[in-house]
Amino acid sequence: MRQKVVVIGGGAIGSAIACLTQGTPGFSGEITVIERDPRYTRASSALSASSIRQQFSSAINIRMSAFGIEFLRRAGELLAVGNERPAVGLTEQGYLFLASDSGIDILEENHRLQRANGADVVLLDPAQLRERFPWLATGSVAMGSLGLSGEGWFDGYSLLQGLRRKARALGVTYLAAEACGFERDGARIGAVRLADGSSVACDVVVNAAGPWAREPAAWLGIELPVRARRRCVFVVSCPVRIEDAPLVIDPSGVWCRPEGRDRFICGISPDAADDPDDLALEVDHALFENIVWPTLAARVPAFEALRLTGAWAGYYEFNTFDQNGIVGFHPQVQNLIFANGFSGHGLQQSPAVGRGVAELIVHGGYRTLDLSPLAFERIAAQRALIERNVV
Ligand SMILES: Cc1cc2nc3c(=O)[nH]c(=O)nc-3n(C[C@H](O)[C@H](O)[C@H](O)COP(=O)(O)OP(=O)(O)OC[C@H]3O[C@@H](n4cnc5c(N)ncnc54)[C@H](O)[C@@H]3O)c2cc1C
């Protein structure tokens, strides 16, 4: 059967879904991606820290990142269009989660789960940490968890553009337009209405609207617990060379990682009590001065001499219910698929989400990777899938 698929949002998630669905053997039909900001000026996928880790606290997230790293390692080949192979610049230098005394139990529990799911991680005591990373001050650190492979960072914008280019080469249409409503057909959506008054008929609709995903859900009277929460990234240069640093996450939540040869990027998520929805995309410089810099200077003494060279702000598409993706069909609106709420780990999960949603569309169920723990039903049932490692 030929299917008309409409994807609202052409960021990494929407583009991965379009690309992998169109490329799935057995798919027959046409895919339209509706994207109102084709230069991605506000899209999370273009404003991300673009890092990938296996160190999660839930099995589903670990398995999705295992899929993600394999995809990134082969992105040049998988996303090639003719002779052009996108370079996503994958740098596998690991993540280092640091824990103080009070965090040891959780670190060890996560470690067991990560190992059981195939993650290449090791626990290090303070002496081992100092030996491996002589630039690190380990005062107040009781243990660290280091990813030995399968973790690091990449060029998120190149991944986004590579997915989009490949999707178009396979026959996907990108419409530069704003979706603003649905036309209902009983328990189904018959068409997506556009702001210019036209509409696009559909057999399946995917909500991939990132931080704005609650809006398409609200057109159907569905409350989707996804909100736009601002996160700031600071770019710094450091006069002292620090070789082969991983992405370090301090027990306070402050993180930093190398960016190119002589720069680092860093940041912290604000306290839950100070994290309103929809803040303007302006950089909160006080966060750097008052929290990020002093914390980093204490953890890496060479950072006392760092210099701020740039900064940007973007939105997490924050799932206020349990900080995990919401993926799959809606239980009542029969042809609506969600791919939302990834809460700061959506770029690394975009290949797995693309694969899973493609299988839902083509086969009506998951084949490669079972994403059913992320189903929408858990929200109505109040069955939270808590992810403790939200950075
Ligand atoms: C500062 C920061 C750091 C991050 N760090 C990481 C990280 O290290 N690793 C990681 O994996 N993830 C990270 N993330 C999260 C990751 O970037 C996101 O989870 C991911 O990019 C979400 O992709 P998306 O396609 O759902 O959303 P987006 O990229 O925002 O795309 C959604 C698109 O939908 C479009 N849209 C919305 N509504 C409509 C409409 N009505 N009509 C038409 N178009 C519409 C928007 O214009 C937008 O382009 C970070 C995010 C931020 C902001």
Side-chain angles (χ1 to χ4, degrees), residues 6-18 32-53 56 61 64-65 68-69 72 95 151-157 159-160 163-164 174-182 192-196 200 205-219 226 228-235 247 249 255 257 259 265-269 281 283-284 311-319 323-327 338-354 357 390-391:
V6 175
V7 181
I8 300 175
I13 294 287
S15 293
I17 290 168
T32 305
V33 177
I34 301 171
E35 174 51 64
R36 66 183 172 198
D37 174 18
R39 293 188 350 181
Y40 299 106
T41 52
R42 290 160 58 82
S44 304
S45 303
L47 297 166
S48 177
S50 307
S51 306
I52 177 162
R53 60 186 154 109
F56 285 96
N61 284 333
M64 288 171 85
S65 279
I69 195 76
L72 288 173
Y95 267 61
E151 297 191 325
W153 45 92
F154 55 96
D155 181 343
Y157 195 72
L159 175 67
L160 165 63
L163 288 164
R164 182 182 158 112
Y174 276 72
L175 265 188
E178 175 160 20
C180 66
F182 292 127
V192 178
R193 276 206 305 272
L194 304 183
D196 67 3
V200 186
V205 178
V206 182
N207 179 353
W212 303 277
R214 68 187 294 208
E215 291 162 17
W219 302 333
V226 175
R229 295 279 174 87
R230 185 178 72 186
R231 297 292 179 265
C232 299
V233 179
F234 304 95
V235 187
L247 190 155
I249 299 170
W255 60 269
R257 71 152 169 88
E259 171 76 351
I265 60 174
C266 52
I268 186 172
S269 288
L281 281 184
V283 173
D284 178 1
W312 75 83
Y315 292 125
Y316 272 12
E317 70 289 16
F318 194 81
N319 169 351
Q323 292 84 62
N324 264 314
I326 301 165
V327 182
F338 295 104
N340 307 116
F342 300 99
S343 308
H345 35 275
L347 208 53
Q348 65 199 281
Q349 294 189 332
S350 59
V353 174
V357 172
V390 175
V391 177

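Along the sequence shown, residues carry numbers from 1. First listed ligand is number 1; within each ligand, the first listed atom is number 1.
- Which of Leu175, Ile13, Val226, Ile17 comes nearest to atom 26 (O) of ligand 1 through a heavy atom is settled by distance: it is Ile13.
- Applying the 4.0 Å criterion to heavy atoms of Pro211 picks out, from ligand 1, the atoms 30 (O).
- Evaluated by nearest non-hydrogen atom to atom 40 (C) of ligand 1, the leading choice among Met64, Arg39, Gln349, Arg36 is Arg36.
- Ser65 and Arg53 share no donor-acceptor pair across their side chains, judged by distance under 3.5 Å alone.
- Among protein heavy atoms, atom 27 (O) of ligand 1 sits closest to Gly210 CA, 3.4 Å.
- Annotation: atom 30 (O) of ligand 1 to nearest protein heavy atom, Ser44 N, 2.9 Å.
- At the top of the distance list for atom 3 (C) of ligand 1, counting protein heavy atoms only, stands Ala49 N, 3.2 Å.
- Within the listing of ligand 1, atoms 9 (N), 10 (C), 11 (O) sit less than 4.0 angstrom from a heavy atom of Gln348.
- For the pair Arg36 and Trp212, the cation-pi test (distance below 6.0 Å, angle within 45°) is passed.
- Ser45 and Leu160 make their closest contact through CB-CD2, 4.0 Å (heavy atoms, listed as atom of the first residue, atom of the second, distance).
- Side-chain contact between Val327 and Phe342: present, with at least one pair of heavy atoms (C-beta onward) separated by less than 4.5 Å.
- Ligand 1 places these atoms under 4.0 Å from at least one heavy atom of Asp37: 47 (O).
- Checking Pro216, Ser45, Gly11 against atom 23 (O) of ligand 1, the nearest heavy atom belongs to Ser45.
- Taking each of Ala228, Ala43, Gly314, Ala208 in turn, the one with a heavy atom nearest to atom 32 (C) of ligand 1 proves to be Ala208.
- Closest to atom 53 (C) of ligand 1, if we only count protein heavy atoms, is Tyr315 O, 3.3 Å.
- When only interatomic distances are considered, the shortest N/O to N/O separation between Gly10 and ligand 1 does not fall below 3.5 Å.
- The N/O atoms of Ser48, backbone and side chain alike, include one that comes under 3.5 Å of an N/O atom in ligand 1.
- Considering each of Gly346, Gly344, Ala209, the one bringing a non-hydrogen atom nearest atom 37 (C) of ligand 1 is Ala209.
- Comparing Leu347, Val353, Leu160 against atom 16 (C) of ligand 1, the shortest heavy-atom distance belongs to Leu347.
- Among all non-hydrogen protein atoms, the one lying nearest atom 8 (O) of ligand 1 is Ser51 N, 2.9 Å.
- The protein heavy-atom contact nearest to atom 22 (C) of ligand 1 is Glu317 OE2, 3.3 Å.
- Residue Ala179 touches ligand 1 through backbone and side chain together, judged by heavy-atom distances below 4.0 Å.
- Annotation: atom 47 (O) of ligand 1 to nearest protein heavy atom, Glu35 OE2, 2.6 Å.
- Protein heavy atom at the shortest distance from atom 2 (C) of ligand 1 is Leu47 O, 3.6 Å.
- When each of Ser269, Ser44, Ser48 is tested with Arg231 by the rule side-chain hydrogen bond (donor to acceptor under 3.5 Å, both in side chains), just one qualifies, namely Ser269.
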